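A quick write-up on the structure given underneath.
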Amino acid sequence: MDVLDAVKAPDLDIDPFSVEFLSDPHPQHDRLRDTAPIVHLPHYGVWAMARHAQVHPALANWQVFSSARGVGIDDFAKGKPWRPSSLLLEIDPPLHDRTRGVMNRVLSVGALRKMRDNFAAKAERLADELVERRRFDAIHDLAEVYPLQVFPDAVGLRPDGRENLLPYGGMVFNSFGPRNALFERSTRDCAPVLDWIFAQCKREALAPDGFGASIWAAVDAGEIAADEAEVLVRALLTAGLDTTVIGLGTTIHAFASHPGQWAALHADPSLLKPSFDEAIRWESPVQTFFRTTTRPTEVEGVRLDEGSKVLLFLGAANRDPRQWDDPTAFDIRRKTLGHVAFGNGIHVCVGQMVARLEAEMMIGALLRRVKSFEIVAPPVRKLNNTLRSLASLQVEVTPL
Ligand code: QZP
């Protein structure tokens, strides 16, 4: 397009990291999507895309929409990242493909097969205990418990200190946003948490049979260096807990607030696995990520300079009425192909098989015991610059 024809992205005077926005993002997502295919947020000097037709292809176009300058609001080209940058998330090919190749193998279906029995046994036991109690907090007593019972063992972490894992994730996901009160509060006393996390990434700290040891085996195979192995173990510890805790919590919230869908799952248990995709489409645990343009580009006639930060609204794309029929409905029979809750393209979630296995085991264990859920107190939200989650969801179950 001729530069004279270039259109200007409309300004939207919103702060997507404010308490107001994060407490109730959906009306703001409508505004973002309905205003234009790409908008400018003058509050931060960044651009934003919230329609599926722009978000999905931008995620696939790493050549232009790069991750290497950070997937948060900070531009690594202009300042030091909050933590040493990731060799997986905050990097592009060719380097990315070498580390990603290792992680693809570490988290492959074959590697997961040997975890399956333990994941199942832990889910059955927890479901027994909770259904026995009738009333419990589906977040505090279930979603925040089950992943911590299975994932750290799968990685090969020592038993003590695991209480540092969720706070660490909370910090990192807040650090993708601006230095607001959410960020400051979660990172205020971070030193002991960071010390523990970094110590667990060392070879000596990891059991010989877990995901962590598999990463270190790639050092012996000459695929990665020792300092790279540490950063990849850190990626597991960052990406593997909060996300699956929220994925489980969201799935239970979806079913508890849509009793007809739980009945539909009872009627057709083959919908168990698809229902997890629908839950994370409906309320995406990871709401946003930034990319940075590697060169001047154009989106629907809008010129972006090289080095533009672009905020991609995954959660809004997953509810775009231009893409989905009745997008606010939680419908486990829906075809969810193309949802971006796990991203899209080369950075698509490498741990998604672990998340899917946890959900299949835990929701399946509940399905065999619970006839219906009743939400007995207003759900309480937990705010984070990147994650959409609940702090509490009090439920009462009716056993089968
Ligand atoms: C976090 C890393 C939802 C994802 C962005 C989670 C995530 C993935 C990778 C890393 C961190 O490589 O450190």
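Note that the numbering runs from 1 along the sequence shown for the chain. When a ligand or atom number is given, it counts from 1 through the structure's own listing order. All of these numbers come straight from a predicted model, not from anything done at the bench.
- A salt bridge does not link Arg134 to Glu374: none of the charged nitrogens lies less than 4.0 Å from a carboxylate oxygen.
- Within a 6.0 Å radius of CG in Asp220, more than 12 heavy atoms belonging to other residues, nucleotides or ligands are found.
- Near Thr238, meaning under 4.0 Å from any of its heavy atoms, are these atoms of ligand 1: 1 (C), 11 (C).
- With Asp74 contributing its side chain and Phe76 its backbone, the two residues share no donor-acceptor pair below 3.5 Å.
- The contact set between ligand 1 and Ala235, taken as ligand atoms under 4.0 Å from a residue heavy atom, comprises 2 (C), 12 (O), 13 (O).
- Using the six-membered ring where Trp is involved, Phe17 and Phe290 have ring planes that are parallel, under 30° apart on the 30 and 60° scheme.
- The backbone N or O of Asn384 lies less than 3.5 Å from no partner atom in the side chain of Asn174, so there is not a single donor-acceptor pair.
- Contact annotation for Phe342 and ligand 1: no heavy atom of the residue comes within less than 4.0 Å of the ligand.
- The closest heavy-atom contact to atom 8 (C) of ligand 1, among the options Ala341, Ala239, Ser67, comes from Ala239.
- Contacts with ligand 1 closer than 4.0 Å are made by side-chain heavy atoms of Arg83 only, the backbone lying farther away.
- Here the heavy atom of the protein found nearest to atom 5 (C) of ligand 1 is Phe289 CZ, 3.0 Å.
- With ligand atoms numbered from 1 in the order given, ligand 1 contributes 12 (O) to contacts under 4.0 Å with heavy atoms of Leu88.
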Problem set entry | Verdict with reasoning, Asp92 to Arg291, per salt bridge (charged side-chain N to carboxylate O under 4.0 Å, His left out) | CA-CA 11 Å; Asp92 288 321; Arg291 293 292 189 258; over 6 Å; no
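- Here His339 and Trp324 keep their ring centres 6.0 angstrom or further from each other.
- Atom 9 (C) of ligand 1 has its closest protein heavy atom at Leu89 CB, 3.8 Å.
- The nearest heavy-atom contact from the protein to atom 3 (C) of ligand 1 is Val286 CG2, 3.6 Å.
- Checking Gly72, Gly240, Ser86 against atom 12 (O) of ligand 1, the nearest heavy atom belongs to Ser86.
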